[in-house]
Amino acid sequence: MEFDFRRIEEEYRKYWIENEVYTVTEDSTKPKYYVLDMFPYPSGAGLHVGHPLGYVASDIFSRYKRMKGFNVLHPMGFDAFGLPAEQYAIETGTHPQITTDKAIATYKEQLAKIGFSYDWTREVKTCDPDYYKWTQWIFLQLFDSWYNKESNKAEKIETLLARFEKENRTVDVDGQPKQWNLLTEDEKQMHLMHYRLAFQSYTEVNWCDALGCVLANDEVKDGKSERGGFPIERRKMKQWSLRITAYADRLLEGLETLEWSESMKEMQRNWIGRSEGALIDFKVKDREDFIKVFTTRADTIFGATFLVLSPEHELVEQLVTAEQKSTIDEYVAYVKSRSDVERQQEKKVTGAFTGAYALNPFNGTSIPIYIAEYVLAGYGTGAIMAVPADDERDKKFAEKFGLPVIEVIDKSMYPGATIEDKLGKMINSEFLNGMEVKDAIAKMLDEVESRNIGSRKVNYKLRDASFSRQRYWGEPIPVKYKVVGEPDSPLKGESDDIPYALSASELPLVLPEVDSFKPSGDGRSPLANNADWVAKNYETDTMPGYAGSSWYFLRYMDPKNKEAFAAKDKLDYWQNVDLYLGGNEHAVGHLLYARLWTKVLFDLGYLPFDEPFKKLVNQGMIQGVSNFLYRIENENKFVSSSIVDGYLHDEVKVDSIRTNIEFVDNKYELDVDAFIKWRPEYKDFDFERSNGAFHVMSVVEKMSKSKYNVVNPDDVIATYGADCFRMFEMFLGPIEQSKPWDDKGISGVSSFLRKFWRLFYSETAWKVTDETPTDKELKVLHKTIKKINEDVEKMSFNTSVSQFMITVNELQDLKCSKRAILEPLVLCLAPFAPFITEELWKALGNKGSVHKAAFPALEEKYLVESEFEYPVSINGKTRASIALPADISQEDALAKVMEIEMVQKWMEGKPVKKFVFVKGRIVNIVV
RNA sequence: ACCCGGGUGGUGGAACUGGUAGACACGCAGGACUUAAAAUCCUGUGACACUUAAAUGUCGUGCGGGUUCGAUUCCCGCCCCGGGUACCA
């Protein structure tokens, strides 16, 4: 009987749905396991073979865990708000909802074909009002909370209000001190904004004129928008932000508890960028001003020979002396003329002297004050004390401007230590002399504080996260403005309204219809085009893309709940995600925000855990293989790649023209007619072939529609079947590695599946027998069970597939078609190839789905070897081998080994100097 | 520049805690079956040397050193590739 995967796949897809095989409910008798894929943004292009790589891996793992007795939550949904659908809407007028629904339908159809075990009854879509009602609700919690540094957690804003009232605290209102109880309601609200976790403020944002939108820092690359590469300018706008900086330390500490790759943790650590140091005040000579600098190396202060301020520093204008004024103005103008890209690319040493001097707070030395663009306004205090002896950039600056260098650290006892290493003994540093750097730093921090010239300070690179988008296709921010119209409100700008949260009962605040999806143009979102919306004084900004994805893993636990984002008992049962699979491009965006939201909800008592994803695995990318034709430049001629070398000389220039990979077979031969049909402009070209064939050359690059190198899983499945597709994706290599899609190897997996099938069926009939298996056959089976167990646990799926191939080859050699061997094998293979195993499981006479059966138990007794074939080495080189009993003693082994003819030959009559015997491994004789 | 990965046959890749390097698969070559093709099956396949053959030897996991009876694995120095971050005081 033929292995008819088309019939089988169709039958069991239906069977699984009708019998709700993958529907999961809370079951307190079983341990839970939560396996999650990063949900996709459903793009109009559909899935290519790279997308399901992680999904296949997590599906195998989920199925395996289920068979091991776990109650597995394995859901899927869609990150459905976002820019591409909106861009498309702007261009075509099609409502993003329509585009999105269509794309989701395509995705679901494609996913179904691959045979995933998702519980689709738990599907979530972030653009669904029943879902984003709770995204909005969580926003209200953020708005209604502050971070209490004493308890080190978020608390309800009422606790802060109660404090202010009780203490009648004096607060700053427009630069004037004022007692809390004398403040107006509006002033109180304005002040609370400085504490709320979701807050509004005037911030410099990355304004992108082309997108009509503000972008988050991580959406900006090299001064251009990540999407589209449009220019970005800095602009002050009233924006919603999340106070993620309050959580910097906890986000950092939490990493220690997680099973994430070191590189992933490192990226988050770098992003948070914690550095411990001190703020130190330098008095300006002959003036009352102080310059505050941030330094991590207070110990080197005696080597500080100048200060450097950022050109934007507020004191620059006041400090500059009359004779230096023109120099400074010129330099500031120069810096302004340089784009961010230029500043990053060419790191020229530039700067200018202000003419002013500052006094070293420890010894009163007078040191010059410079400005330079290498000091950033946005980090620390925008001012540094420069120690050219112990900092590379300061050193270069000192060299260029002829400034003195005072050595303060003797590194002579640390050969090889670089200038960056915090190693050495202090010199020329008064009371620090002779101390180790580490001790000197600690001592100095104490001194700075006790002498009252500064304070300890922890600095972070992490900035608060912008939460406003001037976009249509996102969650409306559930806030209403009360028009107060006070002329001197602390929030100055085009509007002086005060935002008030909607009550939870008013949610969801449903995204209204608009006439145009274009931004209003004045910096507000398309919602400003809806008169009704504006009349109700609703916020016109919407939430950013990461809002819905920051908590979706919680909604899967209880997706239809109308009373809460998820019921407490369900949260208690499922807890956090045990295994999270996704691409590493979300290292600092999504993963950091999801951790933040989890911690806030935990602090407020809504969650029983404060880290969302215990274990994280990043699947690699599957790249595409693009194909190109060689074209002789300025001639209407293409040359087959196999003979192009003949043209590669100086007089002839060869160009490459991209072709769609559809027209190329797996021997890199181009279907010229199909190519010409696709690109008629080349129909009159000459195609120079070799031996009648026209070959193309190939390049590995990102798989993308625009590169015409996309392989659609639907096509692969139509040709080879879903089981084959799944196993081939795994067979390609380790899950975390990036690799090009190359379907040359797929025939190996395909023939494996047919070989497996033929253990059960001859050409005409069922051939499985009830004979008792031999020890040899049982050993093959249990060896397989053991290997699959080990491999799946460490997610080494490529080696699992190899093992299945080995097993089938061995059983074929043994001509084994015994039920006692094949039935457990079907179970082992079920997580990998869910269709064929379901069919064979039924054919073996079993009721119910194979995917609800238990994974076969390993019986070690079948694996015990009575003998081992030892390799015998002389002086470390393998020269012979000998079979010895497993329990042989070293002495007996030596005696046996010495009998071997080859051993005698290689020893050349020399005496045994040492005999190494590693049980079950190797024998080595040293002569 | 720094941080994290990685470098193994013609190709994708395998190798437990230091213990027979190259599993498994592709490709290639030869053979069987077939009118033929597909499918299937069998044999060989790291390089070099030697040999009629069986066999055998030398080299070989990016490069150079080291530790060890023994190194793809551990240590030191260097080269290259991929990813991330970047004038962060």
Side-chain angles (χ1 to χ4, degrees), chain A residues 2 222 261-271 273-275 277-278 293-298 300 308 310 343-344 346-349 372-376 378-387 390-394 396-397 416 418 420 459-461 584-585 587-588 618 620-621 666-667 728 731-734 736-749 751-752 754-755 758 763 790 796 798-809 812 869-881 902 912-927:
Chain A
E2 273 290 292
D222 302 328
S261 69
E262 211 30 61
S263 65
M264 199 48 83
K265 290 189 194 180
E266 202 56 31
M267 278 188 230
Q268 293 222 338
R269 285 191 200 109
N270 286 340
W271 190 260
R274 182 182 203 272
S275 61
V293 307
F294 173 71
T295 179
T296 55
R297 298 296 303 276
T300 62
V308 188
S310 73
R343 278 172 88 158
Q344 276 173 15
E346 25 164 336
K347 286 170 190 171
K348 288 193 279 188
V349 182
E373 62 174 341
Y374 83 88
V375 175
L376 307 174
Y379 185 78
T381 59
I384 63 162
M385 61 177 212
V387 183
D390 203 52
D391 183 282
E392 201 58 52
R393 291 154 310 172
D394 297 347
K396 284 199 181 123
F397 194 82
T418 66
E420 311 295 334
N459 219 350
Y460 300 92
K461 278 197 261 182
N584 64 2
E585 65 271 24
V588 282
N618 299 115
M621 244 191 346
N666 61 15
K667 292 195 170 69
F728 182 58
F731 192 57
L732 239 30
E736 296 188 275
Q737 205 167 296
S738 285
K739 53 237 158 185
W741 175 269
D742 179 0
D743 40 35
K744 280 198 204 76
I746 199 166
S747 63
V749 176
S751 72
F752 155 75
R754 285 193 303 264
K755 277 191 222 173
R758 282 201 306 275
E763 271 168 43
E790 288 166 358
S796 175
N798 55 328
T799 52
S800 309
V801 177
S802 295
Q803 181 57 50
F804 282 124
M805 289 172 169
I806 293 168
T807 304
V808 165
N809 290 345
Q812 197 175 40
E869 184 79 17
Y870 283 89
V872 180
S873 330
I874 318 288
N875 288 339
K877 285 198 197 293
T878 311
R879 299 297 184 185
S881 76
M902 283 301 286
V912 176
K913 204 159 125 197
K914 185 171 178 186
F915 182 64
V916 182
F917 178 76
V918 185
K919 208 168 175 179
R921 290 261 185 253
I922 201 170
V923 170
N924 191 16
I925 300 168
V926 187
V927 296

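Letters A, B, ... mirror the listed sequences (proteins, then strands); counts begin at 1.
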Extract the stems that RNA chain B is part of, considering only consecutive pairing runs of at least three Watson-Crick or G-U wobble pairs, both distances under 3.5 Å. B:1-7 with B:79-85, B:10-12 with B:24-26, B:27-32 with B:40-45, B:46-49 with B:56-59, B:62-66 with B:74-78
Whole-Å [atom1] distance, [N] and [M]:
| N | M | atom1 | result |
| --- | --- | --- | --- |
| B:C74 | B:A15 | P | 14 Å |
| B:A14 | B:A29 | P | 27 Å |
| B:U58 | B:U51 | C1' | 16 Å |
| B:A1 | B:G13 | C1' | 34 Å |
| B:C3 | B:C78 | P | 12 Å |

Checking all strands, does [X] fall into the base, sugar-phosphate, or nothing category for heavy-atom contacts under 4.0 angstrom?
| X | value |
| --- | --- |
| A:Asn924 | base |
| A:Lys744 | sugar-phosphate |
| A:Ser873 | nothing |
| A:Ser747 | sugar-phosphate |

Run the numbers on A:Asn809 and A:Lys755 for side chain to side chain donor-acceptor pair (under 3.5 Å), then give the verdict. CA-CA 8 Å; A:Asn809 290 345; A:Lys755 277 191 222 173; 3.1 Å; yes
Are OP1 or OP2 of [N] and a side-chain N or O of [X] less than 4.0 angstrom apart?
| X | N | result |
| --- | --- | --- |
| A:Gln737 | B:G5 | no |
| A:Arg754 | B:U40 | yes |
| A:Arg879 | B:G57 | yes |

Tell me, with the steps shown, if A:Thr799 and A:Gln803 meet side chain to side chain donor-acceptor pair (under 3.5 Å). CA-CA 6 Å; A:Thr799 52; A:Gln803 181 57 50; over 6 Å; no
Need to verify one output field. Residue with the more 5' nearest nucleotide on RNA chain B, A:Gly380 or A:Gly733?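 On the 5' side of the pair lies A:Gly733.
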Take atom CD in A:Glu2; do more than 12 heavy atoms of anything else shown fall under 6.0 Å from it?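 Incorrect, the count does not exceed 12.
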